[in-house]
Amino acid sequence: MEGTTLAAKARIDQLVEEINRHNYQYYMLDNPTISDYDFDQLLQELIDLERQYPEYAMPDSPTQRVGGTVTKQFESAAHVYPMLSLGNTYSEEDLTDFDTRVRDLLGTSPEYVCELKYDGVAISLIYENGRLVRAVTRGDGTRGDVVTDNVKTIGTVPLRLTGDFPPFLEARGEIIMPFSSFEALNAERDEIGEQPFANPRNAASGSLKLQNSAEVAKRGLAFKLYYALGENLPENTHYGRLRMLHEWGFRFPDVMERVNGLQGVFDFIHHWDTERNQLPFPIDGIVIKINDFAQQQQVGSTAKSPRWAIAYKFKAERVSTALLGVDYQVGRTGVITPVANLAPVSLAGTVVKRATLNNRDFIREMGICEGDHLWVEKGGEIIPKIVGVDMDKRVAGALPIAFVTECPVCGAALRQNEDEAGIYCPNELHCAPQVKGRLEHFISRKAMNIDSLGEGKIDLLYSQGLVTTVADLYDLTYDRLFGIEKIVGDENGKVRTLSFKEKTTQNILNGLEQSKAVPFERVLYALGIRFVGEVTAKKLARHFKTIDTIANASKEELMEVEDVGERVAESIIDFFNNTENLSVVMRLRNAGLQFEAGETHQPTSDKLAGKSIIVSGVFTIPRDEMKRLIEQHGGKNVSSISKKTSFVLAGEKMGPDKRKKAESLGIPIISEDEFRQMIDE
Ligand code: IVH
């Protein structure tokens, strides 16, 4: 080996060791000892060195966390030990029966371990000589899919064990998606016009099956350990074994309790039935296991599930009530949502009168007929859900619900999105809720930010026939606005008059005037082109620079922009093919709005490069300026906290929820002063 190669190898080893130590501090102990920035520097150095000297890149290198491998099709592998499932119970009587059975078989009352039942995807992790060699999904219990590269990106999965580990170890647990990651993911999907995931479990499962592991790395998944297998493993209790695994580098379960007797089990269940709302990740029940292995063996297993453990699933309360009729709501984007009017019924503390029927496919799949009684359920979620038809109350000859074919607001013939279940009204330029929706979107904070106009005022201007397109806003004059009034009643029947006096009128006009300085990328977003969210608008504006080049771009040219796929490109083309839209754009341009990108401000430093930052609270300068500072130094502003967030920049009066979330994810909270030091201001 030459000198430099030797030195590179030594540095790689040193970096691996150091980064692993920091990962352990961060993911296992929730106690980072260096800043994210310094950590990223180390990681980048290792990535570069491994690229230069691939012969020294170990399969369990911490750079694997970043992902990058692409799997076309997942191989399948046989499980070393079959992956059993658990018997489910829903009542305390069932648990009493379980306990009686166990006591009869043992002749004594055992110590139980109570754990959370994580609501995610089961995974088996195989460690040979301390290295993670394979991660396999449950599959049919005997064979599953090999998803090793994807699982390696999950920070709470150790890639290499530490201490006195055995030559072979199988660790089992659940891969879950914390609520914060789930919300961030769905917000992102919403932005690019993708269907959101229905729940964190589906999101976790979908993420695990992604073909590009670099994408998985961004999903913010976590691993929750609940079981371990191997030959001649030390310790003779379940609790002790998980403690042992903790010694070898796994995170010990956040919640796990040893209890004696059934009462202890019930207490644990009652506590977590309500407290689960406070957890940052989803659970759907509690798992009860006999702690002692000898006793476990004595009790034994069936072919499908162990007799020494049982799952208690939280009950969702449900009632059946009469369907009185179906309303069809037209959303701001034209999508029709059917809503069930129900005979009022009391459920988990509130009276339920209405519940969404989601879309036409939902009604069809449930086979809902006129005059049916429907089952309504309220689980961990706050919103009541329709879960089925109460067939005992089905009237003979009942006809299936016929979905409306015309828009209930404007009468246009409804259409169906090809790739979605959604039925929508295509009359986007003239259907009232859609017109108002566009106006509201246009003035919203992230678009033109005209806060002197709000939903109520837009409603008024629209109902008076003063504004039907966003361009009309800029034709408003003092005389037209002054004195407009409308009598409005609120939900409680109270009546008040809304009228534009001198100050209101002037504020509106000022707001409109100021909006003429709003940069092109936000004007583009404000136009409300279907599927063009804030981020896409920014990318389009930076790529094409002017509205004319965008309007004249071909599908292929549009698709050259990052994040612009076929659907987005087609939507942009449709928008500019419409003469009414073109006329609106022309009028806005004549009014003086920005339709060309100004100077692309190059970051003044890259001190915050690669950082995702959340700004929360009140600062010595307006928050928007704070955000601009972040961008100027190469950082990225994000809106919801996830594991990927580098830090929270906290001003005065930061929201307590955000603080809690940041703390629970171990994300550093940085003050304005500290931030200014970071960027040397
Ligand atoms: S123990 C032989 N513990 O629930 C032991 N399972 O049907 C088997 N699960 O697919 C599992 N949290 O993925 C166990 N604390 C926990 C669990 C848990 C979630 C899942 C597991 C399995 C299903 C049980």
Side-chain angles (χ1 to χ4, degrees), residues 79-90 94-95 98 102 110 112-125 135-145 147 151 154 156-157 169-178 199-205 207-208 221-230 233 237-243 245-246 250-259 265 268-269 271-273 275-276 279-293 295-314 380:
H79 289 298
V80 182
Y81 304 94
M83 279 182 93
L84 303 182
S85 62
L86 293 173
N88 284 334
T89 62
Y90 294 89
D94 287 348
L95 283 179
F98 165 79
V102 164
Y112 291 117
V113 177
C114 298
E115 294 172 16
L116 303 178
K117 187 172 187 309
Y118 311 105
D119 197 7
V121 188
I123 195 83
S124 148
L125 307 175
V136 189
T137 63
R138 180 170 187 279
D140 63 5
T142 36
R143 294 189 78 84
D145 288 336
V147 288
V151 168
I154 302 171
T156 33
V157 170
L169 176 73
E170 174 169 354
R172 287 194 187 162
E174 200 88 346
I175 291 183
I176 52 120
M177 186 175 281
N199 53 49
R201 181 176 4 96
N202 291 0
S205 151
S207 302
L208 212 52
L221 297 170
F223 170 71
K224 299 287 177 189
L225 173 73
Y226 59 62
Y227 197 46
L229 290 150
L233 295 184
T237 64
H238 174 63
Y239 192 94
R241 186 168 287 175
L242 293 197
R243 273 254 158 254
L245 261 77
H246 179 58
F250 289 87
R251 221 182 137 108
F252 193 71
D254 312 274
V255 177
M256 190 174 184
E257 229 171 85
R258 286 166 293 187
V259 300
V265 172
F268 187 88
I269 287 177
H271 177 76
W272 286 104
D273 199 357
E275 278 309 296
R276 67 177 155 141
L279 285 168
F281 52 81
I283 63 169
D284 61 347
I286 296 299
V287 178
I288 300 114
K289 298 172 182 169
I290 294 180
N291 193 21
D292 186 85
F293 289 144
Q295 288 183 333
Q296 284 189 3
Q297 253 195 331
Q298 226 176 314
V299 174
S301 298
T302 69
K304 270 177 27 202
S305 51
R307 281 200 207 91
W308 48 261
I310 196 154
Y312 171 86
K313 300 257 256 184
F314 294 130

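We're numbering straight along the sequence, starting at 1. All values below were derived from every heavy atom in this structure, side-chain atoms included, with hydrogens, water molecules and symmetry-related copies excluded. Worth saying up front: this structure is predicted, and the values here are computed from it rather than measured. Remember, it's 1-based here, ligands and their atoms both numbered in the order they're listed.
- Each of the atoms 3 (N), 15 (N), 16 (C) of ligand 1 lies under 4.0 Å from some heavy atom of Glu115.
- Thr142 places no side-chain N or O within donor-acceptor distance of the main-chain N or O of His79, the cut-off being under 3.5 Å.
- Judged purely by atom type and a 3.5 angstrom limit, Thr137 has no side-chain atom pairing as donor or acceptor with the backbone of Gly144.
- Of all heavy-atom pairs spanning Leu169 and Phe250, the tightest one is CD2-CE1, 4.1 Å.
- Counting protein heavy atoms only, atom 20 (C) of ligand 1 is closest to Glu174 OE1, 3.4 Å.
- Ring geometry, His238 versus Phe293: the interplanar angle exceeds 60°, so the pair is classed perpendicular (tilted spans 30 to 60°).
- Near Ser85, meaning under 4.0 Å from one of its heavy atoms, ligand 1 places the atoms 7 (O).
- Those atoms of ligand 1 with a heavy atom of Val287 less than 4.0 angstrom away are 3 (N), 15 (N), 16 (C), 17 (C).
- Ligand 1 places these atoms under 4.0 Å from at least one heavy atom of Tyr118: 12 (N), 15 (N), 19 (C).
- By the 30° and 60° cut-offs, the orientation of the rings of His246 relative to Phe252 is perpendicular.
- Checked against a 3.5 angstrom limit, the closest N/O atoms of Leu116 and ligand 1 fall inside it.
- Within ligand 1, counting atoms from 1 as listed, the ones closer than 4.0 Å to a heavy atom of Pro306 are 2 (C).
- Between atom 3 (N) of ligand 1 and the options Lys289, Arg138, Lys117, the minimum heavy-atom separation is to Lys289.
- Given atom 7 (O) of ligand 1, the protein heavy atom at minimum distance is Leu86 N, 2.8 Å.
- Side-chain atoms of Arg201 do not come within 3.5 Å of backbone N or O of Asp119 as any donor-acceptor pair.
- Ranking protein heavy atoms by distance to atom 11 (C) of ligand 1, first place goes to Tyr226 CE1, 3.6 Å.
- Cys114 is not listed as a side-chain neighbour of Tyr312, based on a closest heavy-atom distance of 4.5 Å or more.
- In this structure, Arg276 does not pair ionically with Asp284, as no charged nitrogen and carboxylate oxygen lie closer than 4.0 Å.
- When hydrogens are left out, the protein atom nearest atom 10 (O) of ligand 1 is Ala122 CB, 4.0 Å; that is the closest non-hydrogen contact.
- Using 4.0 Å as the threshold, Ala309 has no heavy atom nearer than that to any atom of ligand 1.
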